[in-house]
Protein chains: 2
Amino acid sequence: MAVAVDLVIFTVRDGRLHVLLIERGNMPHRGEAALPGGFVRDGEALDATARRELREETGVVGDTLHLEQLHAYGAPERDPRGRIVSIAYLALGPDLPTPKAGTDAAAAHWTPVSSILHGQVTLAFDHEQILRDGLERARSQLEHTTIAAAFCKEPFTIADLRQIYEAVWGVPLDPSNFRRKVMKTDGFVVPIGERRLPEVGRPAGLFRRGPAETLTPPLMRSGNVGLR
Amino acid sequence: MAVAVDLVIFTVRDGRLHVLLIERGNMPHRGEAALPGGFVRDGEALDATARRELREETGVVGDTLHLEQLHAYGAPERDPRGRIVSIAYLALGPDLPTPKAGTDAAAAHWTPVSSILHGQVTLAFDHEQILRDGLERARSQLEHTTIAAAFCKEPFTIADLRQIYEAVWGVPLDPSNFRRKVMKTDGFVVPIGERRLPEVGRPAGLFRRGPAETLTPPLMRSGNVGLR
DNA sequence: CCAAAAGTGTTGGCTATACACCCATGC
DNA sequence: GCATGGGTGTATAGCCAACACTTTTGG
């Protein structure tokens, strides 16, 4: 029985949620889109496999990224090569560099999540289910934790942070309430005392990530409308 | 590489949270306390393994129990027999029958969770970490979902349900506010129009589980005091 | 060169809701 | 003694309005 790790890597580019997909270079499903991933090596912890694959696929040192285990998928028929149990990981990061092709991947692309949810892109194996689970986890994490800041390159503005929420949840948020909530949550963001010169509009205050990790009470989303 | 399933089975007995532990009948850790579990068989889905082990260890048909995947544990040195990745499952149920010994278990007992957290009972492998993760998941689930009702034998009173929360969270709740919250949440519980004759005090209304699954807004716990 | 408009960020107020805390009543 | 119900103050979300600061446009 083989154990693999698959990665759901999210980022937000120009206001839309994207996921990193590879074009499979080997059989099965050669040429189809799939989540990046690979097998766990002897003596390698699951988290280590995830970080290694992350590095191999995106070239990003995992320490700067949020990475958490998502779910284990083990349906007997999920992989035609045989019995493969896959541990899925969720990774969140700021607009990452254009990924390079990995060992098993012919090419890697940032793909809008909405295009997969709307059926314009189909994924190999059970990867669409994994993606949906990852999206739901990310949405939930935004409610209860401060990981939204992990999507932002520092320094960032409150509006940048709000756009993360809007992109992941697919709903517009009230700028006023959002700002109040973020500022009142101790340690969510810390001001650096500078302002961003805008192309248009009033200059926005700049912030860094704070030490806080949990949001109590949570930042609630009324309803899920979907992704733009 | 072997894949196993371990179970964190919780129930509430006389106001305290209990977990099902076995006394290991085989090496390694023979004679020590551990979570019930076993290896995934060929062609068997992960959930099926969990339900089978649940049945073998407790004699309970899994359909009546809440069962969900918790986390995958895969540290290279977690099992001296070799590389074993374990998928942990969380099961919640009403005061279950005294379990019978399973294949790999010399004996099975309901053990107060507090006795493990306070160091009076130690668990084999990394099972204490799994238990802690399961407890945290259960506490979180009580906030956001209606699974607390899964702990109650039907029919139950509002006070029964409240005792579940108090046992899992380890904090007392205001009976008045709790009642309002539960009654206002559409589909959490449905009255059956009868009353339970009490040993002392006013008779309490009886209820069954409703169709609702999520709690919006969540039922919040102010802080974690611990387990009694 | 100056004035107005447009766009974005920031601040504040109002109202409905939910909850914590306390008290009253029924059985 | 416990279940049930109500009442009040506080905190917060949703909604709305005003203001601040900048760039662009038009004379």
Side-chain angles (χ1 to χ4, degrees), chain A residues 14-15 142-144 148 152 155-167 169 171-186 188-207 212 214-225, chain B residues 14-15 142-144 146 152 155-167 169 171-186 188-207 212 214-225:
Chain A
D14 25 85
L142 256 58
E143 282 188 89
H144 306 291
C152 295
F156 53 87
T157 69
I158 300 290
D160 292 337
L161 193 60
R162 179 165 47 82
Q163 282 176 15
I164 301 296
Y165 278 87
E166 294 179 334
W169 285 354
V171 294
L173 295 180
D174 182 89
S176 172
N177 289 330
F178 183 82
R179 181 187 183 78
R180 262 203 301 251
K181 179 77 183 182
V182 171
M183 300 296 276
K184 194 184 297 185
T185 302
D186 219 44
F188 194 167
V189 297
V190 292
I192 65 174
E194 299 173 23
R195 295 178 164 272
R196 171 174 296 174
L197 290 181
E199 298 179 1
V200 59
R202 174 175 173 175
L206 288 171
F207 298 83
T214 59
L215 283 170
T216 50
L219 219 165
M220 299 224 265
R221 45 176 165 156
S222 336
N224 280 353
V225 185
Chain B
D14 22 88
L142 255 57
E143 282 188 90
H144 306 291
T146 61
C152 295
F156 54 87
T157 69
I158 300 291
D160 292 337
L161 192 62
R162 179 166 46 84
Q163 281 177 15
I164 301 297
Y165 278 87
E166 294 179 334
W169 284 354
V171 294
L173 296 180
D174 183 274
S176 176
N177 291 332
F178 182 81
R179 179 187 184 79
R180 262 203 297 254
K181 177 75 183 179
V182 171
M183 300 296 275
K184 194 187 295 185
T185 303
D186 218 46
F188 194 169
V189 297
V190 292
I192 66 174
E194 298 173 24
R195 295 180 165 272
R196 172 175 296 174
L197 292 180
E199 298 179 1
V200 59
R202 176 174 171 176
L206 288 172
F207 298 83
T214 58
L215 254 47
T216 48
L219 220 165
M220 299 224 266
R221 46 177 165 154
S222 336
N224 281 352
V225 184

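By convention in this document, chain letters (A, B, ...) are assigned in the order of the sequence lines, proteins followed by strands, and residues within each chain are numbered from 1.
- As a whole-Å value, the separation of B/Arg196 CZ from D/dC2 P is 15 Å.
- A pairwise comparison of heavy atoms in B/Asp186 and B/Ala212 identifies O-CB, 3.3 Å as the closest pair.
- The shortest heavy-atom contact between B/Ala167 and B/Gly15 is CB-O, 3.4 Å.
- Ring planes of B/His144 and A/His144: tilted class, angle from 30 to 60°.
- For the pair A/Asp160 CG and C/dT8 C1', the computed distance is 12 Å after rounding to whole Å.
- Note: B/Phe207 CZ to B/Asp160 CG = 10.5 Å, rounded to the nearest 0.5 Å.
- Annotation: the span from B/Arg179 atom CZ to B/Thr157 atom OG1 amounts to 9.5 Å, rounded to 0.5 Å.
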Each nucleotide of nucleotides 21-27 of chain D classed B (base within 4.0 Å of a protein heavy atom), S (only sugar-phosphate) or -, in 5' to 3' order, makes BBS----

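- For B/Arg162, the salt bridge (Lys or Arg N to Asp or Glu O under 4.0 Å) partners at least two apart in sequence or on another chain are B/Glu166.
- Going from atom CZ of A/Phe178 over to atom P of D/dG14 covers 12 Å, rounded to whole Å.
- Rounded to an integer number of Å, the gap from NZ of B/Lys184 to C1' of D/dT4 is 16 Å.
- For B/Arg180, whose side chain is taken as the heavy atoms from C-beta onward, the closest listed nucleotide among D/dG6, D/dC16, D/dA3 is D/dG6.
- Distances shown here put a side-chain N or O of A/Lys181 below 4.0 Å from the OP1 or OP2 atom of D/dA13.
- Going from atom CG of A/Asp174 over to atom C1' of C/dT8 covers 14 Å, rounded to whole Å.
- In this structure, the separation between CG on B/Asn177 and CG on B/Leu219 is 9.5 Å, given to the nearest 0.5 Å.
- Here D/dC15 presents its C1' atom at 8 Å from CG of A/Asn177, a figure rounded to the nearest Å.
- Between the CG atom of B/Leu173 and the C1' atom of C/dA20 there is a distance of 12 Å, given to the nearest Å.
- For a distance-only test at 3.5 Å, the side chain of A/Ser176 qualifies as a donor-acceptor partner of the base of C/dG12.
- Between the C1' atom of D/dG5 and the CD1 atom of B/Ile158 lies a distance of 13 Å, rounded to the nearest Å.
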